[in-house]
Amino acid sequence: MEYVDPTAVEESRKQMVAEKEVDAMSEIFSMFGDSTRLKIMNALFAGELCVSDLASLLEMSTSAISHQLSNLKKTKLVVTRKRGKNVYYSMADEHIYNIYKMALEHVREGKH
C-alpha cells in the first residue's frame, strides 16, 4: 500500500480552484488549440479588424474566419463594435495577450 501524506493533500486541496472556474479556464485554453484562432488573435492584438480584413490578411475565406470569430466571441475573448454594416472585432482584454505572449516566449526559448 502506498503512503499518502495527509498534510500535503490538505495543503493542495486548499489551493484547488473551483470546478466551475476550471471548466471556464479549459474553454479559454481550448481556443489556443487551433492555429487559425491563434492567427486571428495575433492579428487582433494590433487593433480591431472586420471579417474581410482578417480574411485578406490570413488569406482565408470570410466563412472560415467568421466561424472562428464566433468561437472566440462565445468564450468572450473578442468583442465587437458595429459601424454601419460592418462589424469590427478586437481582443476583449490584455489577459489573453499575456497568455499568448508567454506561450510564444516559451516556444522561442526552445522549451516546447
### Message
With a 4.5 Å cut-off on side-chain heavy atoms, are Leu44 and Leu49 touching?
### Response
yes

### Query
Are Arg81 and Val87 side-chain neighbours, meaning at least one heavy-atom pair lies under 4.5 Å?
no

### Query
Can you tell me how far the OG atom of Ser35 sits from the CD atom of Gln68, to the nearest 0.5 Å?
8.5 Å

### Query
Distance-only, no hydrogens or angles: does the Arg37 side chain make a donor-acceptor pair with backbone N or O of Ser30 under 3.5 Å?
yes

### Distance-minimising heavy-atom pair for Gly84 and Lys82
O-CE, 3.5 Å

## Note on the structure
CD1 (Ile65) and NZ (Lys39) are apart, to the nearest 0.5 Å, by 9.0 Å

### Query
How many angstroms lie between atom NZ of Lys101 and atom CD of Glu94, to the nearest 0.5 angstrom?
7.5 Å

### Query
Any idea which heavy atoms bring Thr62 and Ala55 closest together, and the distance?
CG2-CB, 3.7 Å

### Message
I'd like to know if Lys14 pairs up with Glu11 as an ion pair, taking the criterion as any Lys NZ or Arg NE/NH1/NH2 lying under 4.0 Å from an Asp or Glu carboxylate oxygen.
### Response
yes

### Task
Answer yes if Phe45 and Val79 sit in the same cluster of Ile, Leu, Val, Met, Phe, Trp and Tyr residues linked by side chain heavy atoms under 4.5 Å apart, and no otherwise.
no

### Query
Quick one: CD1 on Ile96 to OG1 on Thr75, what's the gap to the nearest 0.5 Å?
7.5 Å

### Query
side chain to side chain contact (heavy atoms under 4.5 Å, CB included) between Phe32 and Leu38: does it pass, once the steps are laid out?
CA-CA 6 Å; Phe32 285 84; Leu38 287 172; 3.5 Å; yes

### Task
Find out whether Met25 and Ile28 are in side-chain contact, i.e. whether some heavy atom of one side chain is under 4.5 Å from a heavy atom of the other.
no

#### Entry: Linked, directly or transitively: Tyr88 and Leu72 (ILVMFWY side chains, under 4.5 Å)
no

### Task
Using atom types as modelled and distance alone, determine if a side-chain donor or acceptor of Asp53 lies under 3.5 Å from a backbone N or O of Cys50.
yes

### Query
So, Ser12 side chain and Ala8 main chain: donor-acceptor pair closer than 3.5 Å or not?
yes

### Task
Please indicate whether Glu105 has more than 12 foreign heavy atoms, meaning atoms of other residues, nucleotides or ligands, lying under 6.0 Å from its CD.
yes

### Query
Should Tyr100 and Leu58 be counted in the same cluster of Ile, Leu, Val, Met, Phe, Trp and Tyr side chains packed under 4.5 Å apart?
yes

### Task
Please step through side chain to side chain contact (heavy atoms under 4.5 Å, CB included) for the pair Glu10 and Thr7, ending with a clear verdict.
CA-CA 5 Å; Glu10 189 54 35; Thr7 303; 5.9 Å; no

#### Entry: Candidate pair Leu69 and Thr80, rule side chain to side chain contact (heavy atoms under 4.5 Å, CB included), full reasoning
CA-CA 10 Å; Leu69 284 168; Thr80 59; over 6 Å; no

